[in-house]
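This report refers to the structure that appears directly beneath it.
Computation of the quantities below employed the complete heavy-atom set of this structure, encompassing side-chain atoms and omitting hydrogens, waters and symmetry-equivalent molecules. The shown structure was predicted, so the numbers you read here are calculated from the model rather than taken from an experiment.
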Amino acid sequence: MEIIGYIALTLLVVVTMEGVTWLTHKYIMHGLGWYLHEDHHQPGYPHVFEKNDAFFVVFAIPSMLLFYFGTRGGINWMFFVGLGILIYGICYFLVHDILIHRRFKWFDNTNNWYFRGLRKAHKMHHKHLGKDEGECFGMLFVPMKYFREARLSTVKR
């Protein structure tokens, strides 16, 4: 029964990370951390890496620390919190960097309504080149109108 609790904790952390990411994106990346995030909003950024990629480290450090302290003297709850952060980070990389921004050309022909809805919401976020007046700060959960639009365009095809 303990393993069920650890699985539930891990999944709860994955879902909670969307809220943490939304808050971080809106109030830190578009606030005090704009210096690091600004290049991400510039079209045609010419380099492989962006200053914005530093936020990967910001989220990776707590996950690594939780793995470390979660395995000292046996596996405990901290390990599974770290695992939830890691799983969300992998989802973020796959969805944001690969499917939305296509930094790696792995899934270019994906035509799923859910992914198209995410792309549209993210495109609406990036129409603002400055740090103010942003919208759609989430990554996996965005306003339903974008999913509805994507589903309707699938039906019309």
Side-chain angles (χ1 to χ4, degrees), residues 1-42 45 47-108 110 112-126 128 130-144 146-147 150:
M1 196 58 151
E2 187 178 36
I3 191 68
I4 301 290
Y6 286 146
I7 291 170
L9 175 61
T10 302
L11 294 175
L12 178 66
V13 170
V14 171
V15 172
T16 301
M17 283 303 297
E18 176 70 3
V20 170
T21 300
W22 189 96
L23 290 167
T24 302
H25 191 181
K26 181 168 177 68
Y27 295 108
I28 295 176
M29 292 178 177
H30 282 256
L32 293 173
W34 181 249
Y35 170 76
L36 294 174
H37 188 62
E38 181 179 18
D39 64 347
H40 183 66
H41 278 265
Q42 302 312 308
Y45 189 73
H47 305 290
V48 175
F49 294 105
E50 304 171 347
K51 289 184 287 182
N52 184 66
D53 294 331
F55 288 107
F56 163 79
V57 176
V58 170
F59 284 103
I61 289 172
S63 181
M64 290 185 295
L65 288 171
L66 286 160
F67 278 128
Y68 176 75
F69 290 112
T71 57
R72 295 183 53 96
I75 292 182
N76 63 49
W77 64 271
M78 288 185 277
F79 175 87
F80 295 96
V81 172
L83 182 61
I85 296 170
L86 172 65
I87 291 170
Y88 184 83
I90 291 168
C91 291
Y92 186 93
F93 172 74
L94 291 172
V95 170
H96 182 264
D97 289 337
I98 294 175
L99 287 170
I100 293 174
H101 285 290
R102 295 184 169 117
R103 286 176 73 178
F104 303 93
K105 309 296 185 208
W106 295 347
F107 302 111
D108 271 356
T110 300
N112 176 280
W113 66 269
Y114 174 76
F115 294 130
R116 284 199 332 269
L118 291 179
R119 281 188 196 134
K120 174 69 173 172
H122 205 74
K123 187 178 283 188
M124 296 308 293
H125 175 74
H126 276 271
H128 305 284
K131 73 177 189 174
D132 300 321
E133 299 180 21
E135 58 185 289
C136 297
F137 292 95
M139 198 266 305
L140 295 176
F141 305 118
V142 298
M144 286 301 297
Y146 299 110
F147 297 127

Does the side chain to side chain contact (heavy atoms under 4.5 Å, CB included) test come out yes or no for Asn76 and Phe69, once each step is laid out? CA-CA 8 Å; Asn76 63 49; Phe69 290 112; over 6 Å; no
Intermediate values then yes/no, side chain to side chain contact (heavy atoms under 4.5 Å, CB included), Met64 and Tyr68: CA-CA 6 Å; Met64 290 185 295; Tyr68 176 75; over 6 Å; no
Side-chain donor-acceptor pairs of residues 55-63 under 3.5 Å, sequence neighbours excluded:
from	atom 1	to	atom 2	distance (Å)
Ser63	OG	Gly82	O	2.9

Look only at the side chain of Lys51 and the backbone of Tyr35, and say whether a donor-acceptor pair between them is shorter than 3.5 Å.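 Yes, because the side chain of Lys51 sits within donor-acceptor range (under 3.5 Å) of the backbone of Tyr35.
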Going by ring-ring contact (aromatic ring centres under 6.0 Å, His included), name the residues that satisfy it together with Tyr88, two or more places apart in sequence or in a different chain. none
According to the interplanar angle, ranging from 0 to 90°, do the rings of His30 and His25 count as parallel (below 30°), tilted (30 to 60°) or perpendicular (above 60°)? tilted
Do the rings of Trp34 and His41 sit parallel, tilted or perpendicular, given the 30° and 60° boundaries? tilted
Pairwise distance [atom1]([X]) to [atom2]([Y]) - rounded to 0.5 angstrom:
X: Ile87; Y: Met17; atom1: CD1; atom2: CE; answer: 11.5 Å
X: Leu99; Y: Phe115; atom1: CG; atom2: CZ; answer: 5.0 Å
X: Leu65; Y: Met78; atom1: CG; atom2: CE; answer: 10.5 Å
X: Leu9; Y: Ile4; atom1: CG; atom2: CD1; answer: 13.0 Å
X: Thr21; Y: His96; atom1: OG1; atom2: NE2; answer: 10.5 Å
X: Ile7; Y: Phe80; atom1: CD1; atom2: CZ; answer: 8.0 Å

Smallest separation among heavy atoms of [X] and [Y], with atom names:
X: Leu36; Y: Ala54; value: CD1-CB, 4.2 Å
X: Trp22; Y: Tyr27; value: CZ3-CE1, 4.0 Å
X: Val13; Y: Val81; value: CG1-O, 3.5 Å

I need the full list of salt bridge (charged side-chain N to carboxylate O under 4.0 Å, His left out) pairs touching [range], with sequence neighbours left out, sorted by first then second residue.
range: residues 59-77; answer: none
range: residues 14-37; answer: none
range: residues 82-99; answer: Asp97-Arg103

Sequence neighbours excluded, the answer for side chain to side chain contact (heavy atoms under 4.5 Å, CB included) partners of Leu94 is Ile90, Ile98
Could you go through the side chain to side chain contact (heavy atoms under 4.5 Å, CB included) check for Tyr114 and Leu140 one step at a time? CA-CA 9 Å; Tyr114 174 76; Leu140 295 176; 3.8 Å; yes
Is the shortest side-chain heavy-atom distance between Phe67 and Leu86 below 4.5 Å?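 A side-chain contact under 4.5 Å exists here.
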